[in-house]
Amino acid sequence: MLLGVRHHGPGSARAVRAALDQYGPGVVLIEGPPEGDAVVGLAGDAGMRPPVALLAHVVDEPMRAGFWPFAEFSPEWVAIRWASARGVPVRFIDLPAANSLASGEAQGAGDTGGVDADTVRVDPLAVLAEAAGYDDPERWWEDAVEHRASAGGDALAPFGALAEAMGALRETYGDGGHADDAAREAHMRLRIREARREHERVAVVCGAWHVPALGERVAVAADRAVLKGLPKVKVEVTWVPWTHRRLSRASGYGAGIASPGWYRHLFAAPDRPVTRWMTKVAGLLRDEDLPVSSAHVIEAVRLADTLAVMRGRPLAGLGETTDAVRAVMCDGSDVPLRLIQDRLVVGDELGEVPDEAPAVPLARDLVREQRRLRLKPEALERELALDLRKETDAGRSRLLHRLRLLGIGWGEPVRSRAGTGTFRETWRLRWEPELSVRLAEAGVWGTTVRSAATARAEDEAVRAASLADVTGLAERCLLADLPDALPVVMRVLADRAALDADVAHLAAALPALVRSIRYGDVRGTDAAALGEVAHGLAERICVGLPPACAGLDAEGSAAMRLHLEAVHRAVGLLAGEGDRAFGAQGSPAAQPLPGEARDGMQERWTGALRSLSGWSASISGLLRGAATRLLMDDGELAADEVARLMGLALSRGTAPQEAAAWIEGFLAGGGMLLVHDERLLGLVDGWLAEVPGEVFEDVLPLLRRTFAEFEPGVRRSVGELVRRGTTGTAGVVAEAVTGFGAGLDEMRADGVLPALRLLLGTEETA
């Protein structure tokens, strides 16, 4: 008996169950890879909860894989569970995964059995729907199959009618545009013959498109000739959790359905599916604090039923229920409908597989870690805030960082809402079925997450393309707490740092190294060796920075400015960490840098910035302005000296483009400086007023780019100050401008002292 179905169709699933009850086969054959026979018995396990999928992957190349998903409402899954409950053997009869993966045509990831428009070039649903007078194939299928409950009688009759329709289509369209169906159907026919020799009653559950070909009389020799010479690889098969989201077409899965959550509801609802659906919708909206009452539910059901009658449908479908919900519960708004679509129509259901399912040792270790840390994988995207001072949260952070090193993107770090301290982390988590393939692929590195991440980090260190890649890897090793990988990483880092003379490379590497020291201190790991390397890099940058900045063009200067600012922050952190940064373990050997050495390094960096800030025709105005601003922010330049340097940069002897570049570099730290220092504002205003008209259009884009980075309030304040009274190059703002007088208003200053004492936690002294 050939039972042609639509994959993931609840109506087909109900029909298959009724047909099996009536027919009582001695064996059930399922369209799927025969390698799945070894694990199909697990489908009856109490720990198996759909949606799940058969995963087949090439042993030596795990990324070459195919999925065969099953949902609770999939006809194939219903047939498997029916047979398991009655002790009836189940076999898969499709083309082996060993052949389909060898040829790169694994059908499990996109085959629909010929009744889904996404994979069959000639869509049978569209043809049948058009013949029935429907313009929407999905709506026709729902009306003809999904919404028609069995009313008794012959349960096999619908399959005969569907087979007749598909036979007419195959006569007209042949293979429908998929030439590989010939090999698949030949293999299925051979397996069916084998089963018929052993059992009197054989039930075959397959895509309806294949039914005419499987019922066709073809010689055994002809089928074997089709299969002869097919490429073959060694594969492994197991069960993996799947998600409703991956069953939807929006996920890119070709054999999917647009509304898995809705179809699951149709399959599971014992009666009154529309009423029960509206109740679910009302519960979801109430959870989101939207006012939905019982009266809303009653009225929505009435409206959906009325729409179904007006549109000539046997039962209100998803379109009618959606229109009713929009009108009654959402006040005509589509915003709540997006939530309903995401949570209910598609859904975030994540399946489960029993522990007995075959898995690589790495996957088993990950399951143990997830249970130990109480970090359950979920299909619904969520944010996880971690406090690294807590042991459990620190363990979760280490696990997520190790998985990222292995290329398993279960979690993605995001900006923390609770603060920017080094003891906080925030992750965005979502478990996707494809991560099972990533786990299989990463299994070549080790049998546990820690050992695999260590081996992967060591390999990345050896193959790193640049010094910055190595320092970034060192940071990731500390975040993941992989002390066994650090010796290899540090050896490569020391070798690269000693040989690399490019200041830009050194500057790109230093910030990650300094962050590693801070993270190592927070997480209780030994970062002393990193401190030594970081100090050496900083020394070499201080010596080589001025020559490296000479003769750079505009693009090179812009890149170097970013390095300059990053190194400035890194040196400040490096010097400010004190003994914590270089002696986290407290031993004398772990404290190679006394305070005098660190202070000397800060002085050398300040000297390098001073050499850049001074006048030099070989160094671009952008870098000179940036160096001046950094020195001023650190208190290394007095206000008078800053005004003098700005006056030189904006003098008549400086080209307008060069002067504009100096302003861009100087003001890159923010525009509040111009608001609070009227002398500097006056210098900029006076220079701008004297720029010749013929070069003003060349200068304007540079100035617009600079001022566009300011906050809107800062731009308004600067414009208002200039409009009200900035005069001359001396920058003396008219005293009529309230709040910007030339002298200090001690009375107004005294007014803020109580607030400052409260913020700083200091007590008032006499």
Side-chain angles (χ1 to χ4, degrees), residues 2-21 23 25 27-56 66-94 107-113 115-116 145-146 150 155 159 203-208 210 237-248 253 255-257 259-269 347 349-354 357 379 433 436:
L2 299 175
L3 303 178
V5 300
R6 183 192 188 195
H7 297 309
H8 314 311
S12 292
R14 288 192 300 268
V16 164
R17 185 163 54 193
L20 293 176
D21 286 336
Y23 186 62
V27 63
V28 176
L29 306 183
I30 306 292
E31 180 185 335
E35 292 90 346
D37 291 351
V39 296
V40 71
L42 294 173
D45 193 287
M48 182 77 81
R49 183 173 63 85
V52 293
L54 277 174
L55 165 63
F67 294 98
W68 286 260
F70 301 94
E72 179 184 353
F73 48 85
S74 298
E76 299 89 344
W77 181 257
V78 170
I80 292 173
R81 295 301 290 261
W82 182 92
S84 175
R86 291 160 179 80
V88 175
V90 177
R91 301 173 188 171
F92 290 103
I93 61 172
D94 203 348
Q107 299 298 326
D111 178 48
T112 68
V115 293
D116 195 292
V145 180
E146 307 301 350
S150 176
F159 294 101
V204 180
V205 181
C206 63
H210 299 298
V237 177
T238 186
W239 290 102
V240 296
W242 203 253
T243 66
H244 274 183
R245 198 171 299 279
R246 274 289 182 252
L247 285 171
S248 67
Y253 170 63
I257 52 175
S259 50
W262 167 253
Y263 274 10
R264 180 177 183 269
H265 170 77
L266 290 179
F267 179 74
E349 198 75 17
L350 176 64
E352 295 180 1
V353 298
S436 300

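Residue numbers count from 1 along this sequence. Computed from a predicted model, the values in this text were never measured in an experiment.
Between F67 and W242, the ring planes lie tilted relative to each other; the angle falls in the 30° to 60° range. Ring-plane geometry between Y263 and F73 is classed as perpendicular, the angle between the planes exceeding 60 degrees on a 0 to 90 degree scale with a lower cut at 30.
Under a 3.5 Å cut-off, the side chain of E31 and the backbone N or O of G207 do form a donor-acceptor pair. In this structure, the side chain of R49 engages the main chain of L350 through a donor-acceptor pair within 3.5 Å. Looking only at distances, no side-chain donor or acceptor of S84 sits under 3.5 Å from a matching main-chain atom of R81. Of the possible donor and acceptor atoms, one in the side chain of W239 sits under 3.5 Å from a partner among the backbone N and O of V39.
Closest non-hydrogen pair, S74 versus H8, comes out as OG-ND1, 2.8 Å. When all heavy atoms are compared, the tightest approach of V240 to L55 is CG1-CD2, 3.7 Å. Nearest heavy atoms, E72 versus A268: OE2-CB, 4.4 Å. Of all heavy-atom pairs spanning P33 and D94, the tightest one is N-CB, 4.3 Å. Across A53 and P69, no two heavy atoms sit closer than the pair CB-CA, 3.6 Å. The minimum heavy-atom distance linking G36 with V237 is given by the pair CA-CG1, 4.1 Å.
Taking the side chain as every heavy atom from C-beta outward, I80 and V40 approach each other to under 4.5 Å. Considering only heavy atoms from C-beta on, V5 comes within 4.5 Å of E76 through its side chain. In this structure the side chain of V16 never reaches within 4.5 angstrom of the side chain of W82, judged on heavy atoms. The side-chain heavy atoms of E349 and P51, taken from C-beta on, include a pair separated by under 4.5 Å. D21 is listed as a side-chain neighbour of R86, based on a closest heavy-atom distance under 4.5 Å. The shortest distance between side-chain heavy atoms of M48 and W77 falls below 4.5 Å.
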- Task: For side chain to side chain contact (heavy atoms under 4.5 Å, CB included), just list the numbers for L42 and V353, CA-CA rounded to whole Å, side-chain angles, deciding distance to a tenth of an Å, and then say yes or no.
- Result: CA-CA 8 Å; L42 294 173; V353 298; over 6 Å; no
- Message: Quick one, V78 with L20, criterion side chain to side chain contact (heavy atoms under 4.5 Å, CB included). Give me CA distance, side-chain angles, the key distance, then yes/no.
- Response: CA-CA 10 Å; V78 170; L20 293 176; 5.8 Å; no
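With rounding to the nearest 0.5 Å, the separation of OG in S12 from CZ in F267 is 11.0 Å.
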